Protein chains: 2
Amino acid sequence: MKKRNYKEIVRELKERGYTLSMARIAILRYVMKENAHYTAEEIYKDLKHEYPTLSIATVYNTLKLLSKEGYIQQIMIDPNKVIYDSTLGVHPHFYCKICGKIEDISSDLTVSVNREMDGNRVDEVHIYVYGICKDCLRKEKEGNKGLRIN
Amino acid sequence: MKKRNYKEIVRELKERGYTLSMARIAILRYVMKENAHYTAEEIYKDLKHEYPTLSIATVYNTLKLLSKEGYIQQIMIDPNKVIYDSTLGVHPHFYCKICGKIEDISSDLTVSVNREMDGNRVDEVHIYVYGICKDCLRKEKEGNKGLRIN
DNA sequence: GTTTATGCAAAAGTTTTGCAAACTA
DNA sequence: TAGTTTGCAAAACTTTTGCATAAAC
């Protein structure tokens, strides 16, 4: 899964007629980081230090723009919030029901996707895997050992 | 994908110690319908006619209970709301980006799921397919024909 | 009769909107 | 300078919570 350079994207967005403000560039850079899975709120809080005038509305606007233009994906694995992911293509996400952690998973899941399904045109496929992550599994086991529950 | 009888589920829930109120039974019956993909709001509005004292809080409580007990799934394909589906097992959903319709899709997508991935324990897998449905595709084509756009 | 769920209204949380001011090209 | 975008604050939504009342067993 190749990551694109943010400068390249800035150039493309200009070509498409967008105004590239400081806020937009900052948000783009932030979200293009490796293995980044951020909520709008997280992006806002972090960038607020660097850009004190930044507003949450701008974060939402920019994320929507970047989704629309196909540079990031909205990941809806958590029913309570949308997270944004700049790794493109079909790649499964894992959500830990205990700690809420979200991560990309690599292995053991094979998907074959067609461009058309039941007459519908397919643009994107999201795969969300729910369960308990290895850290929480370990903690559970240790907890049981120490406290002799069950 | 076999659908279960709601009376059977009522019996099971009683066995598990739940109080089966009229509201819960009504919501359960509603959501067990064939190919049902409802939001809490839709369920509330529809049942409000039959049960004028019903409150939205009860709908949410009951849906949460039914999810927890494994009788329905929360489908998070639409970033703006959660829909509830009583068809169980891994089965892909399709979301039309134009009309917002959600439907089960049957064909052309193969998934093999393991009980463990990267050391994490897997309980559930959701597959969401985004695109344009056949009805909207047809309308788009007809619209272009009539109006000579492009 | 005791326990549990309901209904109400208010709260909490996320996302969107409208508009004057600021910024970009 | 013309045209966009921003920031603010308020609004719009969805979902949750607390508690007295009502219903279930």
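The model shown is predicted, which means the values in this text are computed figures rather than measured ones. Below, chain A is the first sequence line, B the second, and so on; all start at residue 1.
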Problem - Gap between atom OG of A:Ser86 and atom CG of A:Leu66 - 0.5 Å precision - result: 10.0 Å

Without hydrogens or angle criteria, can the side chains of [X] and [Y] be said to hold a donor-acceptor pair below 3.5 Å?
X        : Y        : result
A:Glu69  : A:Tyr18  : yes
B:His93  : B:Tyr95  : no
B:Asn120 : A:Glu103 : yes
B:Glu12  : B:Tyr71  : yes

Fill in the blank from the handout: Of the candidates D:dT5, D:dC25, C:dA25, the side chain of B:Leu20 sits closest to D:dC25

Fill in the blank from the handout: From the candidates D:dT6, C:dT15, C:dC8, the one with an atom nearest any side-chain atom of A:Val82 is C:dT15

Exercise for the section: Flag the pair B:Asp123 and A:Lys97 as a salt bridge only when some basic side-chain nitrogen lies within less than 4.0 angstrom of an acidic carboxylate oxygen. Expected result: yes

Exercise for the section: Could you tell me the separation between the CG atom of B:Asp78 and the P atom of C:dT15, rounded to a whole number of Å? Expected result: 12 Å

Got a list of protein N/O to nucleotides 16-23 of chain C N/O distances below 3.5 Å?
| from | atom 1 | to | atom 2 | distance (Å) |
| --- | --- | --- | --- | --- |
| C:dT16 | OP1 | A:Lys64 | NZ | 3.4 |

Handout entry: Which residues share a ring pair (Phe, Tyr, Trp, His ring centres under 6.0 Å) with B:Tyr30, sequence neighbours left out
Key = B:Tyr38

Exercise for the section: Report yes if at least one side-chain N or O of B:Thr19 is closer than 4.0 Å to OP1 or OP2 of D:dC25; otherwise report no. Expected result: no

Problem - Closest-nucleotide ordering on DNA chain C, the 5'-leading residue of B:Pro52 and B:Gly17 - result: B:Gly17

Fill in the blank from the handout: Bend of the helix from C:dG1-D:dC25 to C:dA25-D:dT1 from end-axis comparison, five pairs per end, nearest 10°, comes to 40°

